[in-house]
Amino acid sequence: MVEVVSLKSPEQLDLMREAGRLLAQVFAYLDDKVVEGVSTMEINNLVERYIEGVLHSRPASKGQYGYQYVLNSSVNHVVCHGVPSDSQRLKNGDIVNIDITLEKGGYISDSSKTYMIGDVAPSARKLVEETYEAMWQGIRVVKPGATLGDVGAAIQKHAQAHGYSIVREYCGHGIGTEMHEAPQVLHYGRRGEGLVLKEGMTFTIEPMINQGKAKVKTKKDGWTVVTADKKLSAQWEHTIAVTADGFEVLTLREEESQQVN
């Protein structure tokens with residue numbers, strides 16, 4: 001069965017752009033609050049109040065697939081889908097990915113950021129920084145006529161050049177009025193293969209990159225995915241639109257403007 005990939009109209013892209021702009025504001029709000037001693041549930045509650053009370057938007061993850069919270073908080077060897085907890089307090093040296101979705105005007109944006117808490121080991125800092133760069137390597141090849149294989153290959157090349165492995169069980173995805181639309185966006189691949197990109201496509205690029213082996217497992221809560229070898233994992237994510245001559249990062253944060261210039 002062929003996946004039908006929706007192409008967004010200029011009007012739809014404006015709505016997605018607004019949802020992305022608001023989500024970028026959420027991360028700006030969080031930047032001085034994801035610190036040593038805070039619990040992941042406190043972060044969840046801050047974000048819920050900010051999205052609903054200040055931005056007058058909807059946290060799109062809450063209630064999706066039966067999930068109770070507004071974000072995922074994935075600490076250290078948690079790859080993705082970490083569940084907020086009152087008892088889990090961030091410690092000096094931790095890395096934590098905060099993954100948030102937001103809906104405004106019927107359209108959804110999705111983004112994540114890995115925070116480094118206090119004095120992080122050089123090896124952990126390098127993983128976080130190179131995962132961020134791997135994401136951007138994938139983003140920068142997005143343009144009409146490129147393929148999803150080009151995106152995956154760019155990410156894979158960068159990650160493996162630094163000795164890391166790429167989680168294969170989870171991937172990016174199309175996004176719009178639904179959080180998960182076609183196509184699937186793999187973070188590995190071969191250049192020239194896969195779906196050909198067209199203006200108006202919108203999807204996430206969100207590599208999960210491991211310090212050790214790629215193998216992962218899901219904990220008994222049914223959500224939390226961890227590295228099988230308990231080595232660190234990092235992730236970054238943006239929502240991307242394919243434009244007439246390249247790409248637009250719909251969830252771009254203010255401090256990232258140099259990345260697209």
Practice task
State whether a side-chain donor-acceptor pair under 3.5 Å links T101 with D110.
Solution key: no
Problem - Heavy-atom closest contact (V83 atom, S73 atom, distance) - result: C-OG, 3.9 Å
Exercise for the section: For S111 and R253, test the side chains for any donor-to-acceptor distance below 3.5 angstrom and give the result as yes or no. Expected result: yes
Exercise for the section: Scan side-chain atoms only and decide if Q211 and Y164 contain a donor-acceptor pair under the 3.5 Å cut-off. Expected result: no
Exercise for the section: Please assess I51 against I100 for the test side-chain contact (heavy atoms from CB on, under 4.5 Å), listing each intermediate value before the final yes or no. Expected result: CA-CA 10 Å; I51 290 176; I100 308 170; 4.0 Å; yes
Practice task
Group every Ile, Leu, Val, Met, Phe, Trp and Tyr by side-chain heavy-atom contacts under 4.5 Å, then state whether V216 and V96 land in the same group.
Solution key: no
Fill in the blank from the handout: In this structure, CD of E129 is separated from OG1 of T131 (nearest 0.5 Å) by 10.0 Å
Practice task
Measure across H187 and I205 and return the closest heavy-atom pair with its distance rounded to 0.1 Å.
Solution key: NE2-C, 4.0 Å
Practice task
Determine, step by step, whether E48 and K62 satisfy the salt bridge (charged side-chain N to carboxylate O under 4.0 Å, His left out) criterion, reporting the C-alpha distance in whole Å, the side-chain angles of both residues, the deciding distance to 0.1 Å, and the verdict.
Solution key: CA-CA 9 Å; E48 184 167 18; K62 189 174 183 180; 2.5 Å; yes
Fill in the blank from the handout: CD1 of I108 to CD of E178, rounded to nearest 0.5 Å, is 6.5 Å
Practice task
Give the C-alpha distance, both sets of side-chain angles, the deciding distance and a yes or no for side-chain contact (heavy atoms from CB on, under 4.5 Å) between V167 and I209.
Solution key: CA-CA 6 Å; V167 173; I209 293 178; over 6 Å; no
Exercise for the section: Please say whether more than 12 non-hydrogen atoms of neighbouring residues, nucleotides or ligands are located less than 6.0 Å from NZ in K215. Expected result: no
Handout entry: Beyond-backbone contact of L55 with Q25, side-chain heavy atoms, under 4.5 angstrom
Key = yes
Problem - Name of the residue among D150, V5, V142 meeting side chain to side chain contact (heavy atoms under 4.5 Å, CB included) with L197 - result: V142
Exercise for the section: Would you check if N45 and R49 make a side-chain contact, meaning some heavy-atom pair closer than 4.5 Å? Expected result: yes
Practice task
Can you see which heavy atom on Q156 is nearest to which on I166, and at what distance?
Solution key: CA-CD1, 3.3 Å
Handout entry: Side-chain (Q12) to main-chain (S9) donor-acceptor, under 3.5 angstrom
Key = yes
Practice task
With sequence neighbours excluded, tell me which residues meet side-chain hydrogen bond (donor to acceptor under 3.5 Å, both in side chains) with W136.
Solution key: Y132
Problem - Whether S74 side chain and G82 backbone form a donor-acceptor pair below 3.5 Å - result: yes
Problem - Side-chain donor-acceptor pair present, S112, N97, cut-off under 3.5 Å - result: yes
Handout entry: Audit row: L252, L250, side-chain contact (heavy atoms from CB on, under 4.5 Å) steps and yes/no
Key = CA-CA 6 Å; L252 191 74; L250 300 178; over 6 Å; no
Problem - Side-chain donor-acceptor pair present, H81, T224, cut-off under 3.5 Å - result: no
Exercise for the section: Flag yes if I139 and L148 sit in one hydrophobic cluster, no otherwise; membership is Ile, Leu, Val, Met, Phe, Trp, Tyr, and two members link when side-chain heavy atoms are under 4.5 Å apart. Expected result: yes
Fill in the blank from the handout: Looking only at heavy atoms, the pair that brings E36 and I117 closest together is N-CG2, 3.5 Å
Handout entry: Side chain proximity check, K104 to L15, heavy atoms < 4.5 angstrom
Key = no
Problem - Stacked cation flag K33 on Y29, 6.0 angstrom / 45 deg - result: yes
Problem - Side chain to side chain, L90 and I43, heavy atoms closer than 4.5 Å - result: yes
Practice task
Please confirm whether R168 makes a cation-pi placement over Y188, using NZ or CZ under 6.0 Å from the six-membered ring centre and within 45° of the ring normal.
Solution key: yes
Handout entry: Single-linkage hydrophobic cluster, 4.5 Å side-chain cutoff, L232 and V78 together
Key = no
Exercise for the section: Kindly compute the distance separating CD (E248) from OG1 (T243), expressed to the nearest 0.5 Å. Expected result: 7.5 Å
Problem - Nearest atoms (heavy-atom pairs only) where T202 meets A241 - result: CG2-CB, 3.9 Å
Problem - Polar side-chain atom of N72 near backbone of D99 as donor-acceptor pair, under 3.5 Å - result: no
Problem - Straight-line distance of M135 CE to T114 OG1, nearest 0.5 Å - result: 9.5 Å
Problem - Side-chain heavy-atom pair R89, S39 within 4.5 angstrom cut-off - result: yes
Handout entry: Heavy-atom side-chain proximity of N210 to K231 below 4.5 angstrom
Key = no
Problem - Hydrophobic cluster membership, L7 vs L13, 4.5 Å side-chain cutoff - result: no
Exercise for the section: For residues L102 and V26, determine if any side-chain heavy atom of one lies less than 4.5 Å from a side-chain heavy atom of the other. Expected result: yes
Handout entry: Residues which pass side chain to side chain contact (heavy atoms under 4.5 Å, CB included) with Q64, listed by chain and number, not counting sequence neighbours
Key = M179, H180
Practice task
Give the intermediate values and the outcome of side-chain hydrogen bond (donor to acceptor under 3.5 Å, both in side chains) for residues E133 and H162.
Solution key: CA-CA 11 Å; E133 181 56 30; H162 290 85; over 6 Å; no
Handout entry: Other residues, nucleotides, ligands: >12 heavy atoms within 6.0 Å of K126 NZ
Key = yes
Practice task
For residues Y69 and Y67, establish whether the separation of their ring centroids is below 6.0 Å.
Solution key: yes
Handout entry: Heavy atoms of other groups near R17 CZ, more than 12 under 6.0 Å
Key = yes
Exercise for the section: Quick one: list whatever passes side-chain hydrogen bond (donor to acceptor under 3.5 Å, both in side chains) with E206, sequence neighbours left out. Expected result: H173, T204, Q235
Problem - K8 with E181: basic N within carboxylate O range, under 4.0 Å - result: yes
Problem - Full working for side-chain hydrogen bond (donor to acceptor under 3.5 Å, both in side chains) between S165 and K213 - result: CA-CA 6 Å; S165 62; K213 295 180 180 179; over 6 Å; no
Problem - Residues, nucleotides or ligands: over 12 heavy atoms within 6.0 Å of E193 CD - result: yes
Practice task
Kindly compute the distance separating CD1 (I240) from CE (M16), expressed to the nearest 0.5 Å.
Solution key: 10.0 Å
Handout entry: Side-chain donor-acceptor contact under 3.5 Å, D31 with Y115
Key = yes
Handout entry: Heavy atoms of other groups near R190 CZ, more than 12 under 6.0 Å
Key = no
Exercise for the section: Check whether more than 12 heavy atoms from other residues, nucleotides or ligands sit under 6.0 Å from atom CG of D32, and answer yes or no. Expected result: yes
Problem - H158 and E130, any side-chain heavy atoms less than 4.5 Å apart - result: yes
Exercise for the section: Determine, stepwise, if the pair M208 / C80 fulfils side-chain contact (heavy atoms from CB on, under 4.5 Å). Expected result: CA-CA 8 Å; M208 286 146 270; C80 60; 4.0 Å; yes
Fill in the blank from the handout: NZ of K113 to CD of E256, rounded to nearest 0.5 Å, is 7.5 Å
Practice task
State whether the number of non-hydrogen atoms from other residues, nucleotides or ligands found under 6.0 Å of E18 atom CD is greater than 12.
Solution key: yes
Handout entry: Shortest non-hydrogen contact from V196 toward G145
Key = CG1-CA, 3.9 Å
Handout entry: Path from I98 to Y50 over hydrophobic side-chain contacts below 4.5 Å
Key = yes
